[in-house]
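As a basis for the values below, the full set of heavy atoms in this structure was taken, side chains included, without hydrogen atoms, waters or symmetry mates. No experiment lies behind these values; they were computed from the predicted model shown. In each ligand, atom 1 is the first atom listed, and ligand 1 is the first ligand listed.
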Amino acid sequence: MKPDVTAFFDEATNTISYVVRDPAGSACAVVDSVLDFDYASGRTDTRSADAIVAFIKDKGWEVQWLLETHVHADHLSAAPYLQERLGGKIGIGDRITVVQDTFGKVFNEGTEFQRDGSQFDKLFAEGDSFHIGQLRGDVLHTPGHTPACLTYVIGDAAFVGDTLFMPDFGTARCDFPGGSSETMFASIQKILALPDETRIFVGHDYKAPGRDEYAWETTVGEQKALNVHVGQGKSAEEFVAMRDARDATLAMPKLIIPSLQVNMRAGHMPDPDDTGDVFLKVPVNKL
Ligand SMILES: [Fe+2]
């Protein structure tokens, strides 16, 4: 079955959020939503999320799932905001516990921060399946960028998060805590083993040399032929050497510090302190 896919591009973080609908009905899911955040002022904004709310309400669709491909390090998730307005269950990979453990330590979270994934409604493992109306979704565990990364294969469409990007841009970085370029290579092979005509929807786009428009949809066949990092049957050794060298030159994403603290809580802010105000931490010399 071919789901109906609508993309929402957030230029501030180069993130693509998707609304995925069962073509036989009104059931839908939202993949990787964005809560706008201005770090300088510490203010959130719901413009991006409100565009998705308005779109879905206008269509009269029913949200069944709010799917996260991983704990994003470059934008805050709007999943709880969308859930309040549209319903749906928030899902992520079950290895979220590893990510929560790692960053629970980095941010010196107390014991009140649960590291069992219980902030999410559903933890998915490799091989799990779910439904959006009549449409079946299958879960691939595709770690490498982070330990908990998932690819959601829904009908003929694969939502790959930060694994493969557009063929002319290549792949996602593997240098965050718990990341691994060797693991990423193996995960990418799983995605490339899907049928050639499988539509691939990427989690980010940054344009690419010779391309001035943002793009987010490609296919498995195109990735195998054209991906600049893994196409044409590149070896694991070639990929790992290239990826590790390139990652060593990359700056941290601007919003990594607030993003991790919020996204490891399923998109919720930390609890208010005794004044009733909410604070995010900045760990000094730890990332
Ligand atoms: Fe990411």
Is the backbone of His204 close enough, under 3.5 Å, to the side chain of Asn14 for a donor and an acceptor to pair up by distance?
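Side chain of Asn14 to backbone of His204, a donor-acceptor pair under 3.5 Å: no, none is there.
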For Pro195, enumerate each residue passing the side chain to side chain contact (heavy atoms under 4.5 Å, CB included) test, keeping only those at least two apart in sequence or located in another chain.
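For Pro195, the residues satisfying side chain to side chain contact (heavy atoms under 4.5 Å, CB included) (neighbours in sequence not counted) are Glu197, Thr198.
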Strictly under 2.8 Å of the Fe ion (ligand 1): which protein N/O/S atoms qualify?
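Per the 2.8 Å query on the Fe ion (ligand 1), atoms found are His70 NE2, His145 NE2, Asp162 OD2.
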Could you give me the CA-CA distance, side-chain angles and deciding distance for Arg43 and Asp38, then say whether salt bridge (Lys or Arg N to Asp or Glu O under 4.0 Å) is met?
CA-CA 5 Å; Arg43 296 203 78 89; Asp38 179 56; over 6 Å; no
Row check, Phe113 ring normal vs Arg115 NZ/CZ: under 6.0 Å, within 45°
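Not flagged: Arg115 not positioned over aromatic ring of Phe113.
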Does the pair Asp121/Lys89 count as a salt bridge with the N-to-O cut at 4.0 Å?
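A salt bridge is absent here (no side-chain N lies under 4.0 Å from a carboxylate O).
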Is it the case that Thr142 and Thr163 place a side-chain donor and acceptor less than 3.5 Å from each other?
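No.
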